[in-house]
Amino acid sequence: ICRAFDIAPECAIRTGFYRSNLTMLTTPVSVHTRDEILQQRLQTQAHGPTIIYVTLQRTAELVAEQLCKIGFSARAYHAGLKDELRAATQEWFMASDSAIVVATIAFGMGVDKSNIRYVYHYNLPKSLENYAQEVGRAGRDGLASVCEMLVCVDDLNVLENFIYGDTPTQSSLQSLVQAVFTQGDDFDVSLYELSIQHDIRPLVLRTLLTYLELEAYLQGGTAFYADYSFKPLLSSQEILSHFEGERHTFLRSIFLQAKKAKTWFNIDMEQAAQQLGSSRERIIRALDYLADQNMLAVKVSGVRNPYRLIKAPDDLMALADHLHQRALKREQSEISRLQQVLDLVGLEGCQVNALATHFDDPRQTPCGHCSWCLHQTAAKSLVRIEPQINHEIWTQALKLRKEKAALHDVVSLVRFLCGVTSPQLTRAKLSRHVLFGALADIPFQTLIKHANQVQNL
């Protein structure tokens, strides 16, 4: 960062990773003992603000419900909740000295609560980077806090399934590059529409387009809103009375381009700019000015991202294959990061020092407050067992596949059964289906292999 932004060494402040007030524990558990152990911890410790991190939204709901039943003040927090409920939950947590929030990683980025006393990982974190960030929210007031990871190897299936489910298929990448490189020299796209059309998750799509920029195929521009709507707060006659000459004529022409719905007027910016012989930027500035003067209420939507073609690929299919190989490389990198978590919790040595070393902040003296330093124990005792495929569920899924176009290929079907969403699964409302995630405890690659062995799939 310092090199990229030309920051002088004396202007960079590095505080170090190690924090002496955090007790860092790793405890091996099974699926059957995890809830009991967590509840015992909460019942025997002094009350204090607590975050319990989970992987899945439904797990957040279930754990919060269980804790409420035995008398704890607990609420779930995840991206699937309505904005108002998420905001209310966060405000409730910030104001309390004993609240428990059971959350996915959607919780925490905007939280600056200094007195969080406990952070539990009900599920394994997906990387050491995630783990460090999440435990870092504890004890910011400098007082003693406990961070405990409940290590259940059965969590690996779900975490790995999300990694594998993120990787776009070869056919998705082929259709994507075909669409991108047949747009002309200057074009704009809706990433939302592109994501659905090619069934590539939004963050993965952005990464792929960034690859194309870094490899000098495309140059991205500043995103803009394609759709503008306005609602007059004064009559058009009153608004126009505030202006004279060319400005009066220009605003009147804008109003004539708008089409009324119930209470809002919609305006096609490209068409209006063409009809008026003006730039869309000038029309936008005019509407924004009227909104600032409380003459109009303005709404915007339909974000589009502009690109300029720098060079055309020699072979579209070869480029798609190249992107697929990069995606597979990223996939293996994410699997390796997950393995680093297991290596840490199984380490026979100071685990806090090992974590600090991972972040290039090596320490020589044992910390004295991690599981190894306190108890000479490492979470190695549990063996990962792969469950068997439920063939009744598989048969039901094959029947559903014949009815749903979104389950057209093997990867889509396996994503569905593993509970991994994709743009087309979401649009088809299949993430609400009773079979969605029905085989989430089966490794993604096992289901892929099984699917490829079934005839006529």
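Because the structure is predicted, anything quoted here is derived from the model rather than measured.
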Could you walk me through whether D166 and R330 pass the salt bridge (charged side-chain N to carboxylate O under 4.0 Å, His left out) check? CA-CA 10 Å; D166 256 357; R330 173 197 168 277; 3.7 Å; yes
Set out, in order, the CA-CA distance, both residues' side-chain angles and the distance that settles side-chain contact (heavy atoms from CB on, under 4.5 Å) for W372 and T377, then state yes or no. CA-CA 5 Å; W372 180 259; T377 59; 5.5 Å; no
Apply salt bridge (charged side-chain N to carboxylate O under 4.0 Å, His left out) to E403 and K399, showing your working. CA-CA 7 Å; E403 305 168 4; K399 183 179 178 181; 5.5 Å; no
Should E148 and T27 be marked as a side chain to side chain donor-acceptor pair (under 3.5 Å) after you check the CA-CA gap, both sets of side-chain angles, and the distance that decides it? CA-CA 7 Å; E148 184 170 6; T27 304; 2.5 Å; yes
List the steps, then state whether side chain to side chain donor-acceptor pair (under 3.5 Å) holds for H358 with E129. CA-CA 9 Å; H358 177 77; E129 286 72 22; 2.8 Å; yes
What's the verdict on side chain to side chain donor-acceptor pair (under 3.5 Å) for D199 and S422, showing C-alpha distance, side-chain angles and the deciding distance? CA-CA 6 Å; D199 203 24; S422 77; 2.9 Å; yes
Would you check, one step at a time, whether the test side-chain contact (heavy atoms from CB on, under 4.5 Å) holds for V189 with Y307? CA-CA 8 Å; V189 294; Y307 289 94; 4.0 Å; yes
When you look at D112 and R140, which way does the salt bridge (charged side-chain N to carboxylate O under 4.0 Å, His left out) test go after all the steps? CA-CA 9 Å; D112 187 18; R140 291 182 179 176; 3.6 Å; yes
Step-by-step side-chain contact (heavy atoms from CB on, under 4.5 Å) determination, Q174 to L316: CA-CA 7 Å; Q174 289 173 352; L316 288 178; over 6 Å; no
Residue pair V119, T50: steps toward the side-chain contact (heavy atoms from CB on, under 4.5 Å) verdict: CA-CA 6 Å; V119 171; T50 301; over 6 Å; no
Output, in order, the C-alpha distance, side-chain angles, deciding distance and verdict of salt bridge (charged side-chain N to carboxylate O under 4.0 Å, His left out) for R58 and E61. CA-CA 5 Å; R58 65 173 179 267; E61 299 280 356; over 6 Å; no
So D155 and N123, side chain to side chain donor-acceptor pair (under 3.5 Å) or not? Walk me through it. CA-CA 6 Å; D155 290 344; N123 295 120; 3.1 Å; yes
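Residue Q388 places its CD atom among 12 or fewer non-hydrogen atoms of other residues, nucleotides or ligands, all under 6.0 Å distant. Within 6.0 Å of CG on D314 lie no more than 12 heavy atoms contributed by other residues, nucleotides or ligands. The number of heavy atoms from other shown groups lying within 6.0 Å of NE2 (H375) is above 12. For NZ of K113, the number of neighbouring non-hydrogen atoms (other residues, nucleotides, ligands) closer than 6.0 Å is greater than 12. Within 6.0 Å of NZ on K402 lie no more than 12 heavy atoms contributed by other residues, nucleotides or ligands. Other residues, nucleotides and ligands place more than 12 heavy atoms under 6.0 Å from the CG atom of L214. Residue Q325 places its CD atom among more than 12 non-hydrogen atoms of other residues, nucleotides or ligands, all under 6.0 Å distant. Within 6.0 Å of OH on Y225 lie no more than 12 heavy atoms contributed by other residues, nucleotides or ligands.
Looking at S172 and H198, their side chains never bring a donor and an acceptor atom within 3.5 Å of each other. For the residue pair D343 / Q339, a side-chain donor-acceptor distance below 3.5 Å is found, with atom types taken as modelled. In this structure, a donor-acceptor pair under 3.5 Å is absent between the side chains of R401 and S412. Remark: the T33 side chain and the S30 side chain contain an N/O donor-acceptor pair separated by less than 3.5 Å. With 3.5 Å as the limit, one finds no donor-acceptor pair spanning the side chains of Y228 and R280.
The shortest side-chain heavy-atom distance between I267 and K259 does not fall under the 4.5 Å cut-off. For the pair N305/D188, no side-chain contact is recorded, criterion being any heavy-atom separation below 4.5 Å from C-beta on. Using a 4.5 Å cut-off on side-chain heavy atoms (C-beta onward), V101 and I52 make no contact. Taking 4.5 Å as the limit, some side-chain heavy atom of E334 sits within range of a side-chain heavy atom of R337. A heavy-atom distance below 4.5 Å is found between the side chains of R19 and L22. Between L143 and R117 the shortest side-chain heavy-atom distance falls below 4.5 Å.
Considering all non-hydrogen atoms of both residues, N161 and C418 come closest at ND2-SG, 3.4 Å. Heavy atoms only, all atoms of each residue included: A438 and I393 are closest at CB-CG2, 3.7 Å. Scanning all heavy atoms of the two residues, the minimum distance from L205 to I200 falls at N-CG2, 3.7 Å. In terms of heavy-atom proximity, C152 sits nearest to R34 at CB-NH1, 3.5 Å. A pairwise comparison of heavy atoms in Q396 and L435 identifies OE1-CD2, 3.4 Å as the closest pair. Residues Q351 and C370 share a closest heavy-atom pair of N-SG, 3.4 Å.
A side-chain contact (heavy atoms from CB on, under 4.5 Å) with K126 is found for exactly one of V158, L159, I163, namely L159.
Separating the CG atom in D154 from the CG atom in D441 is a distance of 8.5 Å, to the nearest 0.5 Å. Between the CZ atom in R427 and the CG atom in L425 there is a gap of 12.5 Å [rounded to 0.5 Å].
Under the 3.5 Å distance criterion, the side-chain polar atoms of E331 are left unmatched by any main-chain donor or acceptor of A327. Checking side-chain atoms of D186 against main-chain N and O of R308 turns up no donor-acceptor pair under 3.5 Å.
Taking the six-membered ring for Trp and the full ring otherwise, the centers of H369 and Y18 sit less than 6.0 Å from each other.
Remark: R304 is not positioned above the aromatic ring of F224, lacking an NZ or CZ atom under 6.0 angstrom from the ring centre and at most 45 degrees off the axis.
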